[in-house]
Amino acid sequence: MKTAPIPHNRPQITDADQAAVASVLDSGWLAQGPRTLALEETFSNLMGGGEACALSSGTAALFLALKGLDLQPREVVAVPTYACSALLNAIHMAGGTPLPVDVRGTDFCLDPERLEETAGTARLAIAVHTFGASAPISSLARGGRQIIEDCCQSLGGPQGHAGAAAVFSFYATKIVTGGQGGLVWDAKGQVADAARDYRQFDCRPTYRPRFNLQMTDIQAAMILSQLDRLDAIRQRRRETAAFYDAAASELWNTGWRRQQGIDHAGHLPYRYVLVAPDWTQRKALAAAFAKAGISTIVPMETHELLHRYLGLPPETCPVAEDLSTRTLSLPLYPALTCEEVKRISAVLESFK
Ligand SMILES: Cc1ncc(COP(=O)(O)O)c(C=O)c1O
């Protein structure tokens, strides 16, 4: 019997999610409204206080966090080069100048030493908690630098509290999803307040440039429903990652390693990323998975590194360059069945 392919990602939509969306459709109020407000309140509770502003995407949240922190025209914002190009887009849209900085080979997060060397005077930096590992916010913030914590891949972990603001994404492949969606949170509420003013242009007493960056209540209802099971999502992802760790035990003796930092206490692993001894071994493992009908992805191709996109020389970010040639991401999501987890583990166990 032919086994069904296993995609790299697949959302988990439960009956409760469907009912939550259906009740919004029945209510006759589809746009930003009571469910969005409820999501903001739930999020503030999740973060232990502060204020949240729900938005149309994680990119919108980054853009409004930069504006809320008073980014000046052409001001430099340091970013990890091993990150999604949404960071560049948000900085450009807000009128700033992105400066990509190399990452650490261990957890793939922005390297405080490289930051000091490359962008020591930058007032602002965006630090991504890459694939669920914690970026070292207090070291990055040394000297009073303001850090936007990019939690688009780390919802439900300990991250988000140490910076000047935190941003989240609810895109279809994220930890919880509304199809699309984003949110900005800050402890003082100043950034969230500024975002709240900017996200909606209708019926304002006075004019200044604003935009439509709102979330719909349909999205908010689905996100709220998924947040209800965040603990179960965390537990399932952690168990699956531990299963892979055990299955890959032979690989650790042959030069393979795994991204560090996703299994620290309370962390919610977003991706399970292996680092191969070299490019050919990564290709061989990807081929073994493909043969078994299992999709893997290269989480960040070399040409996608942010310093490459900006035309900076490869030597400026050697660690990220190296990682981009050796990393491979395996399926890791709660919708995986036990059978599927076993099939993935079997490939890890038998790979030579
Ligand atoms: C680290 C990171 N930052 C920002 C974003 C942008 O989020 P969105 O796709 O919701 O605009 C994403 C997701 O794509 C991301 O992974």
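Atom set for the values below is all heavy atoms of this structure, side chains included, hydrogens, waters and symmetry mates excluded. Remember, it's 1-based here, ligands and their atoms both numbered in the order they're listed.
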Take every heavy atom of C84, measure it against each atom of ligand 1, and state whether any distance is under 4.0 Å.
yes
Can you find an N/O atom of A86 closer than 3.5 Å to an N/O atom of ligand 1?
no
Spacing of CE belonging to M300 relative to OG belonging to S329, to within rounding of 0.5 Å:
11.0 Å
E51 side chain to G189 main-chain N or O, any donor-acceptor pair under 3.5 Å?
no
Report, one line per pair, each donor and acceptor closer than 3.5 Å where one atom sits in a side chain of residues 157-168; sequence neighbours left out.
from	atom 1	to	atom 2	distance (Å)
Q159	NE2	G132	O	3.0
Q159	NE2	S134	OG	3.2
H161	ND1	P158	O	3.4
H161	NE2	M47	O	3.0

Can you sort out which atoms of ligand 1 are near S57, meaning under 4.0 Å from one of its heavy atoms?
10 (O), 11 (O)
Given 3.5 Å as the limit, does a donor-acceptor pair link the side chain of R199 with the main chain of F211, or not?
no
Return the closest protein heavy atom for atom 15 (C) of ligand 1 as residue, atom name and distance.
C152 CB, 3.6 Å
Could you list the atoms of ligand 1 found under 4.0 angstrom from a heavy atom of S169?
7 (O), 8 (P), 10 (O)
Heavy-atom contacts with K174 under 4.0 Å: which atoms of ligand 1 show up? List them by number with element.
12 (C), 13 (C), 14 (O), 15 (C), 16 (O)
Taking E75 for its side chain and Q72 for its backbone only, find out whether a donor-acceptor pair lies under 3.5 Å.
yes
Find all atoms of ligand 1 within a distance of less than 4.0 Å from any non-hydrogen atom belonging to V128, and give their numbers and elements.
1 (C)
Which of the ligand 1 atoms, numbered from 1, are nearer than 4.0 Å to a heavy atom of G58
7 (O), 8 (P), 10 (O), 11 (O)
Under 3.5 Å, is there a donor-acceptor pair between the side chain of R236 and the main chain of L336?
yes
Can you check whether R258 reaches D263 side chain to side chain, under 4.5 Å on heavy atoms?
yes
Determine yes or no for a side-chain-to-main-chain donor-acceptor pair under 3.5 angstrom, with R204 supplying the side chain and Q200 the backbone.
yes
Examine D150 against ligand 1 and note whether any of their N/O atoms are separated by less than 3.5 Å.
yes
One residue to check: Q180. Relative to ligand 1, which of side chain, backbone, both or neither has a non-hydrogen atom less than 4.0 Å away?
neither
Residue T59 vicinity, atoms of ligand 1 by number, heavy atom under 4.0 Å:
6 (C), 7 (O), 8 (P), 11 (O)
